Amino acid sequence: IIRTVQIFVVLISIIVLFGNSLLYSTLNPYFEIFIITSFIFFLVSLLLATYRKREGANLLLIATVGVFLAILNDILYGRNIINTFILVPYSILLLFVAQSFLLSIRYSKAFSNIESLRSELERSNRSLEAKVLLRTAELFDKNLELKKAKKEVDKAYKIKSEFLAN
């Protein structure tokens, strides 16, 4: 659905940029209906995200409702049905601020998560280093025991050889 919206908006933009004003005036009501329908779809999607308790969905829903209301205002203002002023640029600014705020929260949480993982990794490294030192000491002790045992075996073998030689 999003790809369809994008393609339709690009086509309308090409018509606005390169077409004549009569064609634009004829297609404008259909484009307005398309925009309202698309925003209703986006609002339903955000309502679902809010219902599912997605992070930041509440703030994004509020900002998107603001943009939707501003679009409705501008459509009605453009048709001289109400006497207000153009609001979409201000609502888009509100949406950008809300998205920036949500991104900053996500980056902050990601940084905090990275810091806790780094601390956990450092603790694991220290624990592993201690285990390596302990195992190295154990191996060193076992090696000494084996050397002593080998000396005793060599000594016993030498005694046995001397005994058998006599």
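Predicted model, so just to flag it, every value in this text is computed and none were measured.
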*Give me the ring orientation class for Phe8 and Phe34: parallel if the planes are under 30° apart, tilted from 30 to 60°, perpendicular past 60°.*
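Tilted, since the angle between the ring planes falls between 30° and 60°.
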For residues [X] and [Y], report the shortest heavy-atom separation together with the two atoms involved.
X	Y	answer
Tyr90	Ile86	CE1-O, 3.6 Å
Val9	Phe31	CG2-CE1, 4.4 Å
Leu95	Ala63	CD1-CB, 3.7 Å

Measuring only between side-chain heavy atoms, which start at C-beta, is [X] closer than 4.5 Å to [Y]?
X	Y	value
Leu87	Leu69	no
Val67	Leu94	no
Ile12	Tyr30	no
Leu48	Arg52	yes

Interatomic spacing from [atom1] in [X] to [atom2] in [Y] - rounded to 0.5 Å:
X	Y	atom1	atom2	value
Lys109	Ser104	NZ	OG	10.5 Å
Arg3	Gln6	CZ	CD	5.0 Å
Ile71	Ser38	CD1	OG	9.5 Å
Arg135	Leu128	CZ	CG	10.0 Å
Ile35	Ile75	CD1	CD1	6.5 Å
Leu27	Ile15	CG	CD1	5.0 Å

*Salt-bridge test for Lys158 and Asp154: reply yes if a basic N is under 4.0 Å from a carboxylate O, no otherwise.*
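No, no charged N to carboxylate O under 4.0 Å.
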*With the threshold set at 4.0 Å, does a side-chain nitrogen-carboxylate oxygen contact exist between Arg118 and Glu115?*
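A salt bridge is present here (some side-chain N lies under 4.0 Å from a carboxylate O).
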[X] and [Y]: same hydrophobic cluster, using ILVMFWY side-chain contacts below 4.5 Å?
X	Y	value
Val5	Ile40	yes
Leu61	Ile92	yes
Val65	Leu47	yes
Phe68	Leu93	no
Ile33	Tyr77	no

*Between Ser91 (side chain) and Val88 (backbone), is there a donor-acceptor pair under 3.5 Å?*
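Side chain of Ser91 to backbone of Val88: a pair is present.
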_Donor-acceptor under 3.5 Å (Ser112 side chain, Ser108 main chain)_ =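 The answer is no, because no donor-acceptor pair under 3.5 Å joins these two groups.
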_Partner set under side chain to side chain donor-acceptor pair (under 3.5 Å) for Arg79, not counting sequence neighbours_ =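 For Arg79 the side chain to side chain donor-acceptor pair (under 3.5 Å) partners, ignoring immediate neighbours, are Glu32.
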*Give the intermediate values and the outcome of side-chain contact (heavy atoms from CB on, under 4.5 Å) for residues Phe39 and Leu72.*
CA-CA 10 Å; Phe39 257 89; Leu72 289 178; over 6 Å; no
*With sequence neighbours left out, write down each residue that passes side-chain contact (heavy atoms from CB on, under 4.5 Å) with Asn20, or none if nothing qualifies.*
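Only Leu22, Leu23 meet the side-chain contact (heavy atoms from CB on, under 4.5 Å) criterion with Asn20.
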*Take Leu59 and Gln99, measure what side-chain contact (heavy atoms from CB on, under 4.5 Å) needs, and give me the verdict at the end.*
CA-CA 8 Å; Leu59 182 60; Gln99 288 179 336; over 6 Å; no
*From the options Thr84, Ile81, Asn83, select the one residue that forms a side-chain contact (heavy atoms from CB on, under 4.5 Å) with Leu76.*
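One option only clears the test, and that one is Ile81.
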